[in-house]
Amino acid sequence: MGFNQGNILRNKPHVLPGFRLSLGFTLFYLCLIVLIPLSAVFLRTTELTLSEFWAVVTTPRLLASYRLTFGASLIAALINLVFGFLTAWVLVRYQFVGKKILDALVDLPFALPTAVAGISLTAIYASNGWIGQWLEPHGIKVAFTPLGVVVALTFIGLPFVVRTVQPVLEDFSAEAEEAAASLGANRWQTFYKVILPAVWPALLTGFSLAFARAIGEYGSVIFIAGNMPMVSEITPLMIITKLEQYDYAGATAIAVVMLVISFILLLTINLLQWWSAHRHGSQP
Amino acid sequence: MHATQSQQYAAKIASRRATSEPVWVRYGLITLTVAFLTLFLLVPLAAVFTEALRKGWSVYIAAIFEADALSAMWLTLIAAAIAVPLNLVFGVAAAWAIAKFDFKGKHFLITLIDLPFAVSPVIAGLIYVLMFGLQGWFGEWLIDHDIKVIFAVPGIVLATIFVTFPFVARELIPLMQAQGKEEEEAALVLGASGLKMLWHVTLPNVKWGLIYGVILTNARAMGEFGAVSVVSGHIRGLTNTMPLHVEILYNEYNYAAAFAVASLLTLLALVTLVLKTYVEWQAARSAVRNEEGVIAS
Amino acid sequence: MSISIQHINKGFGQFSALRDINLQVPSGELVALLGPSGCGKTTLLRIIAGLESPDSGQVLFDGVDTTHRDVRERQVGFVFQHYALFRHMTVFENVAFGLRVRPKATRPSDAEIKKRVHELLSLVQLDWLADRYPPQLSGGQRQRIALARALAVEPKVLLLDEPFGALDAKVRKDLRRWLRRLHDELHVTSVFVTHDQEEALEVADTIVVMNHGQVEQVGTPQAVYDQPATSFVYEFLGNVNAFETPQGKGFVRPYEIVVSRSPSTDSIAGQLTYVHSVGSLVRLEIKRADNAQYVDVELGREVFNQSQFAQGEQVFITPNRIRVF
């Protein structure tokens, strides 16, 4: 028994070549580009005492930025949850003119540089913009307000829910829907008892991805936000502000807060995926 | 064959009829979706070009061929030209190790590779400032040897590599896992060397996934703003990439010029989408071909 | 409930799936729609269910026209080829689904639903699986759960699409007998689709043989096997040899041929190329001397043992029953 245990690399001969080389290079590059620089953030915070750290990351201006960043990200992700599902549904189920083009355009927020998205949305929603000029008389200001932040974050999060839900809807068997109908379920019952539970894990994943992306977003937001302290400053901007003041410790402390939250989100996404894959037992 | 195909097609149509929504619901949903996508995708797209041409073609052309704009384009191309091949090599190596071999901690490694997706671009820039900036770990050493990383091209390249880090690997890992390792083993049995096997068997099998990953990497590399913004120092003509150049022009209230340069980036995004759609189409086609091959055999 | 199908036509684009189908299914019978893939049998089943509507013609349940009635109101139980169990629901919830989606006025109480579901699960002998999810079940178990779910709505008609198609040979055989017994117990009018002649012959009261969107023959298993109405039915049900006769093409079953070492008046000379001797039947493969075609012959083991034909031997075959259509 004993000789089977121990170093897996040594005792299990690989037929294919290049395992050590490829894994070695992968780990080396990963450490060099990602792990060592990221660890710098955590190590640099240790220069602050805990109370100093707490004081830096809980100033009123920062607290306001957390509220805006997380609040706007949550709202944007919820909008994308609803409209992303709707878009995926319509693109999978219905035929209409221009569908293929719209389908391809859904990825625009991935492909368009965020700065371009930012200035374009600002131009549209400014008081003299295409849409802004119609909203302003009704007392709705979008550009340079928190509402503008929501608009920008909705834009950049748009593809996530669509692209996670679309393949699930495509693979969904028509038989299951027919079975529900033959058992007497009406269309609405079939939808929320049969279809929705099946796409729910994908919806959650897409929502989390859109939310996580929105929290870290910078380029598209700073143009439309107006960046007024206490009102429309997002947390990533606070890092930049600290850096411009050469307050490295402050910038690092905020970065740690954001990183921890992002990692928790990443973990949640992975857990959700694991849970949805294992809840119903082994997949056939 | 004809009969079964028509039957499958028939089943598809019929199932839709027995289990589809009333016409008014269908058209309502389509209208709502098209309105949403128009508002969030088409209008911003149209606005870029409208604003860019607001002051006419001559202003547009002048903004694009201005010296600082040209040097920004050059820097953007350089950053992409370095970041894309490096991440490509990394992606192939990582996918090879992960997809073809079993080892402990594989899932943890995949999570680590995905890490840059979860990090705000601003933090991506910050980490290199903490490493190579004036107060950074290597700051003094770099000054002593007269090497500039932050507020210089190397920093921009590093930040670009970071934000595009996972793209190729992410595309290749599932594809190469699905391919299995029989074909590679067959190549070895037939006497191919490791490199020959990689070049003639492995890479052709994942060709479309590879190209897909490169397209995404390139688009993100050329368009990255937040991370590059932190490390660039915004020195006109020297450390400005195209997105940063857009920002400077915009903040100087030079809107027409800002949108002119932005329109080039937008065209790049549209080309990316076209290529992406084409690659997806090709990949689907080759998948269908493989499937038919399996059935035929 | 009886089903009457009158002049049903159905096409998909250029392809005509069903042509003028007329069929009577008496109440309480178990009917098999048998035919090769693409013959229209599944389309016909789906039209009976209301999952598809015919281009013309009528479907009558107990004499009442239901052609345009929605699938939800037809009270049919449909068992899908791949079962279509709801994978995110437990076995219990799957079976309870049809009761839970009823309008409030006719929906049974939770206690009644529980009782009814457990009755059904006992009926299909899978009560112990109530809390499992479909992916955790074997193919045969899924099949029986799908049946229990279909029966939960107390259907007047039970429709099964290739009910055993996705199962391996052993399970298939067990389930076949089980379905037969279940039908004898419940006596609900049932129609199932199959491409497997053995399955149809063993399970059904009546077999409807279909080909190219048309009904070739309707009859009891014995009738369609012994008195096939067309050459298609003859060929489709069992192995067959073709002979040229003065009246045209004639068909002979492998067990309707006499083999001997000496020629007689109508015998055909040939060479015994292969002897397959396993089980109670011995199968011979004989290459005809006149046109080099192969003829399959089946002999009982005793008959074979008496003559002990050897591979390569010269033999003479005489068909003792030729059917010409």
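Scope of the values below: all heavy atoms of this structure, side chains included, with no hydrogens, waters or symmetry mates. Reminder, nothing fancy here: chain letters follow the sequence lines and each chain counts from 1.
Contacts between C:Ala150 and chain A at a heavy-atom distance below 4.5 Å involve the backbone alone (N, CA, C, O). Contact annotation for C:Arg149: both backbone and side-chain heavy atoms come within less than 4.5 Å of a heavy atom of chain A.
Within 6.0 Å of atom NZ in C:Lys173, 12 or fewer heavy atoms from other residues, nucleotides or ligands are found, so the atom counts as exposed in its surroundings. Within 6.0 Å of the CH2 atom in C:Trp178, the count of heavy atoms belonging to other residues, nucleotides or ligands exceeds 12. Other residues, nucleotides and ligands place no more than 12 heavy atoms under 6.0 Å from the CD1 atom of A:Ile101.
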What do the steps show when you test C:Gln81 against A:Glu175 for side chain to side chain contact (heavy atoms under 4.5 Å, CB included), and what is the final call?
CA-CA 9 Å; C:Gln81 190 176 359; A:Glu175 273 194 357; 4.0 Å; yes

Quick one: do C:Phe78 and A:Glu178 satisfy side chain to side chain contact (heavy atoms under 4.5 Å, CB included)? Show the steps, please.
CA-CA 9 Å; C:Phe78 200 102; A:Glu178 289 178 350; 5.9 Å; no

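For the residue pair C:Ala84 and A:Ala176, the shortest heavy atom distance occurs at CB-N, 3.8 Å. The minimum heavy-atom distance linking C:Val101 with A:Leu183 is given by the pair CG2-O, 3.8 Å.
A side-chain donor-acceptor contact under 3.5 Å links C:His88 to the backbone of A:Lys193. A donor-acceptor pair under 3.5 Å links the side-chain atoms of C:Arg72 to the main chain of A:Ala185, judged by distance alone.
Here the options are C:Val153, C:Leu159, C:Val71, the test is side-chain contact (heavy atoms from CB on, under 4.5 Å), and the partner is A:Ser182; only C:Val71 passes.
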